[in-house]
2 protein chains.
Amino acid sequence: MKTADPELMRAINRFHVLDTIRRAGAISRVEIGEYTQLSATTISAITGALIEDELITPHHEGDLRSSGTGRGRPRVKLTLNAGAARVVGAKIATNGLAFVVSDFEGQPLAELKLPLRADRLALAVLADLVEDGVRRCVHDAGLTLGEINSVALALPGVIEHGSGRVRSSPIFRDTDVQLTETIGQRLGVPTIAESDANAVALGEHWFGRARDCDDFLVVAVENGLGLAVMHGGQLFRGARELSLDLGQMMLGGQDGSYHRLLDLAGDDAILCGGQGDIRLREAVHLGRPMTHVRRLIEQGNPDLAQAVHRAGEALGIAIANLVGLFAPPRVILAGANLALGPHLLDPLRTSFDRSVTPSLREISEIIIDEAGDELWARGAAAVALGELYGSPWGSTGPALRTMTGLARAGE
Amino acid sequence: MKTADPELMRAINRFHVLDTIRRAGAISRVEIGEYTQLSATTISAITGALIEDELITPHHEGDLRSSGTGRGRPRVKLTLNAGAARVVGAKIATNGLAFVVSDFEGQPLAELKLPLRADRLALAVLADLVEDGVRRCVHDAGLTLGEINSVALALPGVIEHGSGRVRSSPIFRDTDVQLTETIGQRLGVPTIAESDANAVALGEHWFGRARDCDDFLVVAVENGLGLAVMHGGQLFRGARELSLDLGQMMLGGQDGSYHRLLDLAGDDAILCGGQGDIRLREAVHLGRPMTHVRRLIEQGNPDLAQAVHRAGEALGIAIANLVGLFAPPRVILAGANLALGPHLLDPLRTSFDRSVTPSLREISEIIIDEAGDELWARGAAAVALGELYGSPWGSTGPALRTMTGLARAGE
DNA sequence: CATATTTGTCCTGATTGCGTATTAAGTACG
DNA sequence: CGTACTTAATACGCAATCAGGACAAATATG
């Protein structure tokens, strides 16, 4: 149980103010007050401290002469100081790695994609790859590792956010991998881990299709089936800070036939229908199997068509189940497997409509987001920034100290 | 977004202290400090205020001469002042109503059961029944309605806790029923609504099988299939303060056969196997159908046996799905349908074991709790008390004011 | 140029929490 | 039986928070 003290109170309000500025881009103190319901004097104190720490910057320039009403003292807009910190977000997937170096606002400074097959690796191998990618991407941004405040890794599977342990993941051959410790040591930069679904959820919330929405679900459909629950603007994490996993959901009827969702809608389930095709195996190796599957389907491959159809149906049911559980206003589908297009989505929608409780069908809108790996990596970067912002709920306590330390260093 | 001010801080700490005292029964200030990590002086201030408000009572009697070490000034135990408030908890189910009048500690002062068939009623009819039951139970406790601080109603279905609206429920013929408004008006007492699953979850947490556990799931198996998620000691409520519902979960395989869990494991699904039996219909009418179903099965009724077997299997899968999603350390099964005994539970366990992810099988323990309606009603009372305790997270803001008002009145 | 108007800051007051010193209330021992 | 010791609870001082009101700043308008 969390106990409240003045420090926590300040952390909460400071976070709210910072988050409001981030969302708005450029905003005056009074407007912050309108959003946060904090008193003008409190805003002034907090923004003063933030300016002092060089996390935000005032713009009293005559940028906006025509400030609407025009009467009175013009409002001084505040913006995040983009240079206050730099983080790296990395998306680790079986079909490749994606990196983003991003500034304090979350804007990308450099991006890097390494398409390669990262399947069931040993920890050391992946650590090498990730280390190399991070270093290269940081270099591309014209920075050095010493200027990076934090690194966040997003990968599929069951991730323990607090400790940085990877319980299980299609990425690793082993279970219970101490990921952040290993990579953090190599880089010499604080490193955190997060499930890819949670990362993309934060990405959608900061930059994507959920900027206006604090309650939504994200279903990540690619190597493994991830789930993220955003609830009141915060990621819902399981009992032990565990990320949620959808792949283990069982769909199966009375006749003794049970099937895990992963076995119906996972990559393997889809691909096994086209094992004979050599070029498909090539495409798998190149990390873009689903676009090729789509082509094969459109060329009339019945096995693949059926497998994808089944996958779509199963996903539709699973999503309907989630909607029945959480009644979220929005459900966002993301992931490489959306490249299957209508072959996956049409049966998905059909079975969703058939499965969902009628009263919830209108409440929850389903959004397909074919955003690429960049958004995921940016989401990972947002995870890192969120900790840096001093999120009072983020279980990792030291983040705040990290930031103040950072601010001190800036003085 | 919630903004932090000193008032909230105090509310949080006050709640923690109060809750710690409730859990411990009798506890000294230092021990409270050990549990809550609050400083001794803060504890003293808060307990001072609580004593002032007559919510707790110090016991400097020589009750415990033999206080172990014995050295030094003896600790003064603090206990809840049982008479500080009285609430009514009501469980509304299709097979009957159950009421509890409880004191500030949650101990029952009077109980009342009204076994009757409350199926698809009109609001006015149910309101009459509930009003009557509350009045009678309050009378049995030697109290008058004016001495009741709050009433909490627990019923199956999808309940909007904040507004007290019942979105849908097997109790009501209509949807979107304004329950608390109606009953609150009749009684002239603040009234809140909660899903039965949430109520029994709180009951388990306060009095039952989860007193030592802040993260667990409750699956309520009786008229409708309810779900409660306790997370970090708080009930997880859906996007719009909606309660979770399990009955809509779809289980269905590839062959185009889809079945809602409710259609496999709900009351109707089980009972339709024995429609021919007159005495069963009688038992249904009497509100105890499942004990009779069990008897019929043990007398060799194959239809019912198969229906119950199917229900158990389906529930096992559903619970495995939940475990896969939330990875809770504990899952508690509760509800009248547990009276089916091994006929339901054996297939349930079998299919759970088969369906759950192997790595989670040892992490989550499943507990069968055959506690009766009393626990549910007491859980509802606990819901009311929780609001009265000034739960800072309880979305219903006025509760705290209610309590201070109450305390003032006591002066 | 003076006035009106709005913004942002400074000052005071109330409340909170924590840390240290002090009082209170017992036991242990000579 | 009285003194020393030990622990519990409280009183006081300090720092930090937020809220409300007065005041300074900066611009538009007459």
Side-chain angles (χ1 to χ4, degrees), chain A residues 2-17 21 26-34 36-52 56-78 390 392 400 404, chain B residues 2-17 21 26-34 36-52 56-78 390 392 400 404:
Chain A
K2 219 167 217 168
T3 156
D5 52 21
E7 191 180 344
L8 177 69
M9 183 167 67
R10 199 188 73 202
I12 291 174
N13 288 338
R14 193 180 153 115
F15 178 80
H16 276 152
V17 169
I21 295 174
I27 189 173
S28 69
R29 293 174 175 83
V30 271
E31 288 168 294
I32 296 175
E34 285 165 19
T36 62
Q37 298 292 348
L38 262 50
S39 82
T41 166
T42 302
I43 310 273
S44 229
I46 291 175
T47 53
L50 292 174
I51 291 171
E52 173 98 3
I56 63 173
T57 326
H59 290 271
H60 16 47
E61 321 305 329
D63 298 279
L64 306 175
R65 290 264 158 200
S66 56
S67 37
T69 56
R71 272 292 251 269
R73 177 176 174 176
R75 306 179 166 184
V76 177
K77 298 278 187 183
L78 304 172
L400 199 141
T404 55
Chain B
K2 220 167 215 169
T3 159
D5 51 21
E7 190 180 345
L8 176 68
M9 187 164 65
R10 202 189 75 199
I12 291 174
N13 289 336
R14 190 178 155 118
F15 177 80
H16 276 152
V17 170
I21 297 174
I27 189 172
S28 68
R29 293 175 176 80
V30 270
E31 289 169 293
I32 297 175
E34 285 165 19
T36 61
Q37 299 292 347
L38 261 48
S39 82
T41 168
T42 303
I43 309 273
S44 229
I46 292 175
T47 53
L50 292 173
I51 291 171
E52 172 96 4
I56 64 174
T57 327
H59 292 270
H60 15 46
E61 321 306 329
D63 298 277
L64 305 176
R65 289 267 158 198
S66 56
S67 37
T69 56
R71 283 281 259 270
R73 176 174 175 177
R75 305 178 168 186
V76 176
K77 299 277 188 185
L78 304 172
L400 199 140
T404 54

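In what follows, chains carry the letters A, B, and so on, assigned in the order in which the sequence lines appear, proteins first and then strands, with residues in each chain numbered from 1.
Whole-Å rounding puts the B/Ile32 CD1 to D/dA8 C1' distance at 13 Å. One atom, CD of A/Glu31, and another, C1' of C/dT7, lie 12 Å apart when rounded to the nearest Å. Look at CZ on B/Arg14: it is 11 Å from P on C/dG17, rounded to the nearest Å. Summarising the geometry, the separation between CD1 on B/Ile43 and C1' on C/dG19 is reported as 15 Å, rounded to the nearest angstrom. To the nearest angstrom, C1' of D/dA9 lies 11 Å from CD1 of B/Ile51. One atom, CD1 of B/Ile12, and another, C1' of C/dT15, lie 15 Å apart when rounded to the nearest Å. Atoms CD1 (B/Ile27) and P (D/dA8) sit 13 Å apart, rounded to a whole Å. In this structure, B/Leu8 atom CG and C/dA14 atom P are separated by 22 Å, rounded to whole Å.
Scored by the side chain to side chain donor-acceptor pair (under 3.5 Å) test, B/Ser39 finds B/Thr42 as partners (sequence neighbours excluded). Checked against side chain to side chain donor-acceptor pair (under 3.5 Å), A/Ser28 has the following partners two or more places apart in sequence or in another chain: A/Glu31.
Considering all non-hydrogen atoms of both residues, B/Met9 and A/Ala4 come closest at CG-CB, 3.6 Å.
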When you look at B/Leu38 and B/Ile32, which way does the side-chain contact (heavy atoms from CB on, under 4.5 Å) test go after all the steps?
-> CA-CA 8 Å; B/Leu38 261 48; B/Ile32 297 175; over 6 Å; no
Derivation and outcome, side-chain contact (heavy atoms from CB on, under 4.5 Å), residues A/Val17 and A/Ile56 | CA-CA 11 Å; A/Val17 169; A/Ile56 63 173; 6.0 Å; no
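Two residues are said to be in side-chain contact when any heavy atoms from C-beta on lie closer than 4.5 Å; B/Lys77 and B/Pro58 fail this criterion.
The shortest distance between the side-chain N/O atoms of B/Arg75 and the OP1/OP2 oxygens of D/dA8 is below 4.0 Å.
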For nucleotides 17-25 of chain D, just jot down a letter per nucleotide in 5' to 3' order: B, S or -, based on protein non-hydrogen atoms under 4.0 Å.
-> SSBB---BB
